Amino acid sequence: MFQPEAIIEAFHMVLSWNVLYWLVVGVVIGVGVGAMPGLTAATGVALMIPLTFTMSTASALGLLIGLYKGAVYGGSISAISFATPGTPEAAATIYDGHKLMRMGQGRKATLMALYASITADTLSDLITIGVAPALALISLKFGPTERFWLVVLACTLLGALSGAHPAKGMLGAALGIFIGTIGTDPVGMVSRMTFGLWWLQDGIHLIPMMIGVFAIARMLEGAIELLRERKVAKKVRESIATALMKSGPGLTFKEYIRTWKEMLIGLFVGSFAGMLPGLGATVGAFLSYSVAKQFSPKKQIGSGVLEGVAAAEAGNNATVGPTLIPLLAFGIPGSSTAALIGGALMLQGATPSPRMFELFPAVVYSLFIILLAGNFVNLGVGRVFAGFYARLGQLPRQILIPLIFMMAIIGSYSFRGNPYDVMVMLAFGLVGYGMRVLRIPDAPLVITFLITPMMEANLRRALLINQGDWVQALFHSPLSIGLLISCIVLTFLAIRFEVSKRLGVAAPKGEQKDF
């Protein structure tokens, strides 16, 4: 697995002015995307993928990974400034970060968020570099049957762990599988669910679908909210952001070291959450914050202390690298943003799979180098331009929404120069908006859409090997049976948890009626 010549080639690929330029551009755009409420890392990456068509693989990875890292950190800027998280994963930062700002320590809170983010992100990247090759070696021993059940288990995890309602998560995953089967059957070459439309013969393409689900759906939601909301005291919020960046003491090294325990909690909890498909940075942040609060009751996390900011920011940034572990080791993205990066790799001809370390070692090693280099760029950009991004977070949505709509249309059309791709993008924008209204998570849809071809190919291969015997094809090894049992147990636990939660909510209401 270790290939010195591939590592040398990876350094040659990455250590060029062009790649470093796009890495810096990615981080700059990403922090801005994170600081603007309503946008997410997935939205930014989806909009930028069309720019990568003419880039080298290393440049494309620099742009997208830089944007990913910058966006996850950038959400903390608006969360601390005016209690509005730029991204969902920064919501836990509000509890302590905004209280510190109101106490005149906003600059200290912002620096704590930056340093905790960079520390946890760097250490979790090292975990990624160590764990991904080992898992890839294990996954190479899997046959078609085991890989099929592994994908099914990933779909089950996505459905069970995404969102507050497992049934809605399962529905999103099922919808992604359905969309992934539209087009021509890869074995029988028969059209499926194309409704007689010739431009659906090749199936739904990745770029317009993802831009629709992530960018258009969010902008539709923002536009409708814009029509409903009344004008608020904007000057007050601007003065808060200005006061945050121009006043208040800085962060001392002693204060940074004092939060080592919370950063370690965020590192391990966030890394674990990142490795499991479906959890993501938001769960990592809130889980890290809750664990740190329980482990350090005397620090009064939640009352406006640096430890709370450190735990939340370390937790969400520690998921960035580990979300790529299942993508590199099994070809299964760990989050919606990882799915987008996987799609970009596919467009570059380096399809993520268990054999990626064998087929594209230089690409994988260049990705590892960019992961580490991106942290230093993120540190520099965040340290210098935090004040600018706090003001950027106040950019009126009346300007932001039409601008993103225009970028989405241009990006979808430039993918293949096909106007039907714009129609697909708009259609999936409506689908994505409907899912957001119904609170159906969009990450399971996108990830299962990407891994459905892998699931179908392995099932077909298993059937061919076993001459059409379904029992032998699906249950011929103890590992395949174990994966099936894991799927059943996970589904049962998800349903049981949901039922117990509903009964727990209903019980107090029943008690109130008795009095």
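Just so it is clear, the model here is predicted, and its values are computed rather than measured.
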Margin query: Could you walk me through whether V309 and K108 satisfy the side-chain contact (heavy atoms from CB on, under 4.5 Å) test, starting with their C-alpha distance in whole Å, then the side-chain angles of each, then the deciding distance to 0.1 Å, before giving a yes or no?
Written below: CA-CA 10 Å; V309 176; K108 192 187 292 287; over 6 Å; no
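- With sequence neighbours left out, S56 forms a side-chain hydrogen bond (donor to acceptor under 3.5 Å, both in side chains) with S59.
- Side chains of L114 and Y73 form a contact here, defined as non-hydrogen atoms less than 4.5 Å apart.
- Between the N317 side chain and the E313 main chain, a donor and an acceptor come within less than 3.5 Å of each other.
- In this structure, CG on L63 lies 15.0 Å from OH on Y68, to the nearest 0.5 angstrom.
- Rounding to the nearest 0.5 Å gives a distance of 11.5 Å between CG of N18 and CG of L23.
- Residue L135 holds its CG atom at 5.0 Å from CZ of F330, rounded to the nearest 0.5 Å.
- Residues P322 and A318 share a closest heavy-atom pair of CD-O, 3.1 Å.
- When all heavy atoms of G315 and S288 are compared, the pair lying nearest together is CA-OG, 3.3 Å.
- In this structure, Y95 and Y289 have tilted ring planes: the angle between them lies in the 30° to 60° band.
- Between V33 and I29, some side-chain heavy-atom pair lies under the 4.5 Å cut-off.
- The minimum heavy-atom distance between A329 and A136, with the atom names listed, is CB-N, 3.8 Å.
- Between M263 and L123, every side-chain heavy-atom pair lies at or beyond the 4.5 Å cut-off.
- Atom-to-atom distance recorded for I177:CD1 and L175:CG is 10.0 Å, nearest 0.5 angstrom.
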Check: Given the rule in the side-chain contact (heavy atoms from CB on, under 4.5 Å) test, do H205 and V424 qualify, once you have shown the distances and angles that lead to the verdict?
Finding: CA-CA 9 Å; H205 287 275; V424 170; over 6 Å; no
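- Side chain of T119 to backbone of A116: no donor-acceptor contact under 3.5 angstrom is found.
- The closest donor-acceptor contact from the side chain of Q348 to the backbone of T52 lies under 3.5 Å.
- Checked against side-chain hydrogen bond (donor to acceptor under 3.5 Å, both in side chains), N375 has the following partners two or more places apart in sequence or in another chain: K69, T122, D125.
- Proximity of L340 to M48: side-chain heavy atoms (C-beta onward) are nowhere separated by under 4.5 Å.
- Inter-residue side-chain proximity for T448 and M455 is flagged as unmet; no heavy-atom pair is nearer than 4.5 Å.
- Taking the six-membered ring where tryptophan is involved, the planes of Y115 and Y256 are perpendicular, since the angle between them exceeds 60° and thus also 30°.
- Taking 4.5 Å as the limit, every side-chain heavy atom of I80 sits out of range of all side-chain heavy atoms of L100.
- Rounding to the nearest 0.5 Å gives a distance of 11.5 Å between CG of L327 and OG1 of T337.
- Here the side chains of S366 and T57 are not in contact, with every heavy-atom distance at 4.5 Å or above.
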Next item on the list: Just do the side-chain contact (heavy atoms from CB on, under 4.5 Å) check on I216 and M425 with the steps written out, would you?
Entry: CA-CA 8 Å; I216 297 298; M425 176 204 69; 4.0 Å; yes
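- Taking the side chain as every heavy atom from C-beta outward, I179 and T452 never approach each other to under 4.5 Å.
- Scanning all heavy atoms of the two residues, the minimum distance from I49 to F53 falls at O-CE2, 3.7 Å.
- Summarising the geometry of A350 relative to V363, their closest heavy-atom pair is CB-CG1, 4.3 Å, with the distance given to 0.1 Å.
- Residues A285 and N316 share a closest heavy-atom pair of CB-CB, 3.7 Å.
- Between the CG atom in L64 and the CD1 atom in I370 there is a gap of 9.5 Å [rounded to 0.5 Å].
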Check: Can you list the steps and then say if L126 with L372 is a side-chain contact (heavy atoms from CB on, under 4.5 Å)?
Finding: CA-CA 8 Å; L126 295 175; L372 293 173; 4.1 Å; yes
